[in-house]
Structure formats: structure tokens, C-alpha cells
Amino acid sequence: MKTVSIGNFLITLVALWTTVGSYIFDWNDTHIYNPAWPPHARFHNAQTMLLGTVIGLTAGWVLWVPKANALYRLQVASALASYYWITQAGSLLFPGTALVDPQFAYPGQPPAQLIVDAVTLVLLTIGFVLERDRLKRNPQL
């Protein structure tokens, strides 16, 4: 039985979170059921949720498929698992965007999405470095 390294575990954890996280946070009145959102905004929210699902599942598949070189799988899976979080943070650069709609904002509310982005990307970086170093020490993996 193959043992799971800490690096692969962290990357898999982020890939799984990427797959399901948006459904946990967006399937509610602040997003997909927000009465103030026009249908096209809901369309893009649904698109983003599905994008996270596809990216997360693909990252996990690439990381764990045994036929490709382990370092290549690590690089591709880590990149895939980062895309959703990088684009979420980058969305603030577009005009008219906000982390929270005004009706759901509270004074002093921390930027939860940016915190999740940062934590997720830090976990990915730690997982990548740990796994890359493990592969360098054990090239037969």
C-alpha cells in the first residue's frame, strides 16, 4: 500500500476544498439565491462553482495518476489547484467588484475570502515544497 506524504496530502486537501468549497459558501442568499442578482450574475456564479469543481477534480486526478512522472504530476496538480484561488483574489482588480455585497457587510468584517485565498495558497506552497523535496531525495518515486 502506498503511503501518503504530507505534501501530497496538503495538495489533495486543497484540491478537494477547491471542488466543494464554493458550494458551501455560495449556495445561499448571499450568492446563487441573492434576489438582487440578475440571472446573468447567477450564471457566472454557477460557472465559477463548476470551474472550481472541474479544477479541483483534475488537480487530484493529475496528482494521483500513476502513469506520469511524479514531479510532473506534482507541478501540474499544484498549478491546477492554485488557479481558482489566484483568480478569486484577482477578481478584486475588476471595476465594481467587492468581497461582500453591501447588504451583507458588517463593520470591521475581516476579508474572509482573501484570508481563505492566502491560507489555501500557503498550504499549496508548503505541500509543493515538501513533496518536491521528497521526490528529489527519492528519485525512484
Side-chain angles (χ1 to χ4, degrees), residues 1-34 36-141:
M1 180 175 185
K2 183 179 177 181
T3 61
V4 177
S5 67
I6 294 172
N8 274 354
F9 173 78
L10 290 174
I11 294 166
T12 301
L13 184 66
V14 170
L16 289 171
W17 180 245
T18 303
T19 301
V20 300
S22 63
Y23 297 96
I24 294 168
F25 288 104
D26 290 5
W27 205 272
N28 57 46
D29 290 340
T30 68
H31 285 72
I32 203 73
Y33 293 118
N34 187 336
W37 280 20
H40 193 66
R42 288 191 182 112
F43 168 83
H44 282 292
N45 184 225
Q47 178 188 15
T48 302
M49 290 189 297
L50 290 171
L51 176 63
T53 301
V54 171
I55 289 172
L57 290 173
T58 305
W61 176 75
V62 168
L63 185 64
W64 291 102
V65 70
K67 294 185 180 187
N69 170 280
L71 183 58
Y72 173 77
R73 290 191 331 257
L74 172 67
Q75 292 165 338
V76 173
S78 297
L80 284 167
S82 73
Y83 293 164
Y84 185 85
W85 308 103
I86 290 169
T87 59
Q88 180 170 273
S91 295
L92 285 174
L93 301 174
F94 286 73
T97 62
L99 289 173
V100 180
D101 286 326
Q103 70 268 35
F104 300 108
Y106 301 103
Q109 182 177 9
Q113 287 174 311
L114 293 180
I115 293 168
V116 170
D117 294 341
V119 168
T120 302
L121 292 170
V122 166
L123 287 174
L124 265 177
T125 301
I126 292 168
F128 177 83
V129 169
L130 289 172
E131 188 62 14
R132 183 200 60 202
D133 292 349
R134 184 180 81 92
L135 292 172
K136 284 182 179 179
R137 287 190 309 274
N138 303 299
Q140 72 279 6
L141 297 175

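All values below were derived from every heavy atom in this structure, side-chain atoms included, with hydrogens, water molecules and symmetry-related copies excluded. Index from 1, following the sequence.
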Requested in this report: Supply the atom-to-atom distance R132 CZ to R137 CZ, rounded to the nearest 0.5 angstrom.
Outcome: 10.5 Å
Query - Inter-residue atom distance L114.CG - L92.CG, 0.5 Å rounding - result: 5.5 Å
**Report entry** CG on N45 to CD1 on I32, rounded to 0.5 Å
**Finding:** 4.5 Å
**Report entry** Sequence-distant partners of L121, side-chain contact (heavy atoms from CB on, under 4.5 Å), two or more places apart
**Finding:** S82, W85, I86, L124
Requested in this report: Please check if the side chain of R42 supplies one atom and the backbone of N34 the other of a donor-acceptor pair under 3.5 Å.
Outcome: yes
Query raised in the report: Near I6 CD1, under 6.0 Å, is it more than 12 heavy atoms from other residues, nucleotides or ligands?
Result: no
Report task. Any chance you could lay out the side chain to side chain contact (heavy atoms under 4.5 Å, CB included) test for I11 and L123, step after step, and finish with the verdict? Result -> CA-CA 7 Å; I11 294 166; L123 287 174; over 6 Å; no
Query raised in the report: Going from CD1 on I55 to OG1 on T19, what distance comes out if it is rounded to the nearest 0.5 angstrom?
Result: 9.5 Å
Query raised in the report: Should S22 and T48 count as side-chain neighbours, where that means a heavy-atom distance under 4.5 Å?
Result: no
Query - Residues in side chain to side chain donor-acceptor pair (under 3.5 Å) contact with Y33, at least two apart in sequence or another chain - result: W27
Query raised in the report: Is there side-chain contact between N8 and R134, with at least one heavy-atom pair below 4.5 Å?
Result: yes
Query raised in the report: T58 and Y83: side chain to side chain contact (heavy atoms under 4.5 Å, CB included), yes or no, with the steps?
Result: CA-CA 12 Å; T58 305; Y83 293 164; over 6 Å; no
Requested in this report: Measure the spacing between CG of L80 and CH2 of W61 and express it to the nearest 0.5 Å.
Outcome: 10.0 Å
Query raised in the report: Any luck finding a side-chain donor-acceptor pair between W37 and D101 under 3.5 Å?
Result: yes
Query raised in the report: Any side-chain donor-acceptor pair under 3.5 Å between T53 and Y23?
Result: yes
Query raised in the report: Would you call Y106 and V100 a side-chain contact if the rule is heavy atoms closer than 4.5 Å?
Result: no
Query raised in the report: Under a 4.5 Å cut-off applied to non-hydrogen side-chain atoms, are P139 and L135 in contact?
Result: no
Query raised in the report: Checking R73 side chain against V65 main chain: does a donor-acceptor pair fall under 3.5 Å?
Result: yes
Query raised in the report: Donor-acceptor pair, T97 side chain versus S91 backbone, under 3.5 Å?
Result: yes
Query raised in the report: Should the heavy atoms of other residues, nucleotides or ligands under 6.0 Å from CZ of F104 be counted, would the total exceed 12?
Result: yes
**Report entry** Min side-chain heavy-atom separation L16-V20 under 4.5 Å
**Finding:** no
Requested in this report: Using side chain to side chain donor-acceptor pair (under 3.5 Å) as the criterion, list what pairs up with T30, not counting sequence neighbours.
Outcome: N28
Report task. Check whether any side-chain heavy atom of T120 lies under 4.5 Å from a side-chain heavy atom of Y84, and answer yes or no. Result -> no
Report task. Would you sort out whether F25 and V116 count as a side chain to side chain contact (heavy atoms under 4.5 Å, CB included), showing the intermediate values? Result -> CA-CA 11 Å; F25 288 104; V116 170; 5.7 Å; no
Query raised in the report: With a 4.5 Å limit on heavy-atom distance, are the side chains of F128 and Q75 in contact?
Result: yes
